[in-house]
Amino acid sequence: MEHRISAAIQAAAGIQAPALVRPAADTKFGDYQANGIMAAAKHLKTNPRQLAEQVVAAMDVDDVSEQPNVAGPGFINLRLKDSFLAERLMGMHRDTDRLGIDKTETPRSVVVDYSGPNIAKQMHVGHLRSTIIGDCIARLYEFAGHRVIRQNHIGDWGTQFGMLIAYLKEQYPHILENPASVHIADLEAFYQNAKRLSDENSAFAAKARQEVVRLHNHHPDTMAVWKHIVEQSRQHYQPIYDMLNVTLKPEDERGESFYADKLANVVEELKAKGLAVESDGAICVFPEGFKNKDGQPLPFIIQKSDGAFLYATTDLAALRYRLFELKADAVIYVTDARQAMHFQMLFAVARMAGWVNTETLLEHVSFGTMLGADGKPFKTRSGGTVKLKDLLQEAVERAKAVVEQKNPALSAEQKEKIARAVGIGAVKYADYANNRNSDYVFSFDRMLAMDGNTAPYMQYAYARIKSIERKAAGKEVDIQQELDGIPTVLLTEPEEKELAKLLVRYDQAIAAATAEYRPNYLTGYLYDLAQAFSRFYTACPVLTAEPQHRPTRLLLCDLTARTIRHGLSELLGIEVPEQM
RNA sequence: GCGCUCGUAGCUCAGCAGGAUAGAGCAUCGGUUUCCUAAACCGAAGGUCGCAGGUUCGAGUCCUGCCGGGCGCGCCA
């Protein structure tokens, strides 16, 4: 539609201008409106209404829309033909995999860097947003048909590991003989204990420093202990990924250790290109446009005065690897907003080094902070960081209490399964539903509410449809047969039409969410859809509908269920139980 | 000081390269259940979109200044 109206503008006015087709502001105007004519008219210095008339005359939309009309200062209003809606719905019906949504014509290789926990510590709420927003972006790009390479840039290297290795050796003298026998039950306590010892005992601190050196030299004993710590840590965070239904796998890990032996080379390359220079003893690149407090050029420090490398160096090495080894033509970083300047500088240095061309997409997708009810960063009552595991468990427990209350007849296993889907889904959905740029206030009560834009509301809508399907046989309705033999799509009730119009809009919601890395566009759409379904459900009986209406209503139910399931399950990684 | 970001209903938030009368949910008030899950649906009320200018046919959206919150700004990540 966008394309056709743009073509009509081209034909009528001789200029390239976007039609700017949007859902109509008010249904009394129609279903869609084209806003682009006024801008085009301004550009041409002509009367917008006149131009709109000309564009309408040049438009070829008979198969899609009723006769378009010009309104207001130069809007073109469009009302979808029932025949077009019917055709689109049938198209969705026939496409069992993708609901009629095409893949991109220009697939790219897209690296998505997300989650990136520091594996010396337990995952806490601070890791949640990067992990799930990044996962959604990866899923969206994959669905669009791109080649997605997930990269979990875990913090598995650096000075703190010297301390941990020394501590583990001291606690478990036999670790080298039988590493498998050593389990770290509580990562957080392990880290804290090691740190305390390091702070208080200078002899131990010296050992820790020695282990850092051995680590850099890949000393076999030290490496064995290091590997064990990484392995132990993975056993703590992989279950959290599984619980969150996040698609990251161990093979997506490309942590700091992976780049450790590539850092010196990065510095050499930047020096050789004349970009890296010494300043106050450190090796720095000074990208244009960055200033410090005193208005002086701000350095991107890639080697400290003591010769050590920093995370800037690691990020450069990782970016180079992704561009040249992984052959990425897009690299998307999903981290909190505080690192915005770091990434701007990183990208600037990559451009200075000639690593990217104009086609390469480097993107920092940032997000705000999770706040507590008091409006301050989310903490435990005593002020500590909230462990992700604890947060998710509490969500599941609260959900379980609700299931228990609302649907006590279900079996224990069903309740457990539903509580998990609802609890975890609620936490994820609440995050996705917010504009990621904003800080947002975390509230179990709100995210677990059955009203409003929440996971449970969506899951409930889905469960109601599945319930209809279960009841069908008892009422001697063969859904499959009616859908297969559907004679015509008959949309008579306003609730049916509204639902149908929303269903055919799914592709646009996905496109908008993908283009701007904004999962909340998707949740917003899904909520609209679920609301439209609830209205339809209230107003239009399905199983007891008259024979000429029933196939269409079954189709609307089926497509709504498939769309909700696809959106929640495939794109957001939120489970949709069959009943709740 | 400079930069980024946010400021929309009592509360929590949407608002998709400017578009018609700014939308939800919660809370408040009122209504709907012999009928496929009422965990739902319908309605009412609630707004100088932080403030002031500007750009134009049109600004919550763009520009400038100011106010307020958060974050960042040379050897942490």
Side-chain angles (χ1 to χ4, degrees), chain A residues 18 20 22-26 29 33 35-36 38-39 41-42 48 71-75 77 116 118 155 158-159 256 279-284 290-296 298-306 308 310-312 314-315 335-342 344 366 368-369 371 375-377 402-403 405-407 433-435 437-441 443 445-446 449-454 456-457 459-461 463-472 474-475 477 508-509 511-513 515-516 518 520-521 523-524 527-528 531 534-535 537-539 541-545 557 579-580:
Chain A
L20 299 178
R22 299 278 180 272
D26 191 316
F29 299 130
Q33 59 187 54
N35 297 333
M38 286 153 319
K42 187 196 283 191
F75 298 102
N77 288 331
N118 182 336
T159 51
E256 291 170 353
S279 170
D280 292 343
I283 307 298
C284 311
F290 296 91
K291 289 177 184 154
N292 68 13
K293 291 174 206 169
D294 306 318
Q296 300 302 310
L298 187 66
F300 195 62
I301 302 178
I302 58 177
Q303 189 170 16
K304 303 203 296 189
S305 49
D306 68 2
L310 306 88
Y311 82 126
T314 308
D315 276 349
T335 78
D336 68 280
R338 287 176 304 196
Q339 298 185 54
M341 190 155 72
H342 167 72
Q344 280 172 28
S366 67
T369 314
L371 306 175
K376 294 183 184 148
V402 179
V403 179
Q405 182 203 334
K406 301 286 185 189
N407 214 340
N434 277 282
N435 181 335
N437 289 315
S438 324
D439 296 344
Y440 80 98
V441 176
S443 161
D445 290 336
R446 257 205 323 279
M450 302 296 167
D451 300 314
N453 191 6
T454 66
Y457 180 86
Q459 289 165 327
Y460 177 59
R464 281 171 130 185
I465 299 173
K466 291 292 139 181
S467 178
I468 291 175
E469 293 176 6
R470 281 193 300 274
K471 292 263 160 78
K475 308 217 173 181
V477 177
Q508 292 161 35
E516 299 193 34
R518 293 273 295 271
N520 71 307
Y521 288 165
T523 59
Y527 180 51
D528 288 343
Q531 274 187 311
S534 289
R535 293 190 191 109
Y537 180 91
T538 305
V542 177
L543 295 178
T544 56
C557 284
Q579 14 179 348
M580 62 184 283

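Numbers restart at 1 for each chain; the letters A, B, ... are given by sequence-line order, proteins then strands.
Listed pair A:Asn520 / B:G15 meets the phosphate criterion, a side-chain N or O lying under 4.0 Å from OP1 or OP2. Of the side-chain N and O atoms in A:Tyr457, none sit less than 4.0 angstrom from OP1 or OP2 of B:C26. Remark: A:Arg518 is in phosphate contact with B:G15, judged by side-chain N or O atoms under 4.0 Å from OP1 or OP2.
Nucleotides B:C75 and B:C67 place their P atoms 30 Å apart, quoted to the nearest Å.
The residue among A:Gln344 and A:Ser534 whose nearest nucleotide of RNA chain B lies closer to the 5′ end is A:Gln344.
For B:A77, the base has a donor-acceptor partner in the side chain of A:Tyr311 [N/O atoms by modelled type, under 3.5 angstrom]. With hydrogens and angles ignored, a donor-acceptor pair under 3.5 angstrom links the side chain of A:Ser279 to the base of B:G74. Contact of A:Lys42 with B:G58 (side chain to base): a donor-acceptor pair of N or O atoms is detected under 3.5 Å. Side-chain atoms of A:Asn77 and base atoms of B:A20 include a donor and an acceptor less than 3.5 Å apart.
Applying the Watson-Crick and G-U wobble criteria (two distances, each under 3.5 Å), B:C4 pairs with B:G70.
For the pair A:Asn434 CG and B:U5 P, the interatomic distance rounds to 18 Å; values are reported in whole Å. Distance, A:Asn292 CG to B:C2 P: 14 Å, rounded to whole Å.
The aromatic rings of A:Tyr457 and A:Tyr527 sit perpendicular, their planes meeting at an angle over 60°, well past the 30° parallel limit.
Residue A:Phe29 and nucleotide B:A20 are classified as a stacked aromatic pair, their ring centres being separated by less than 5.5 Å at an interplanar angle below 30°.
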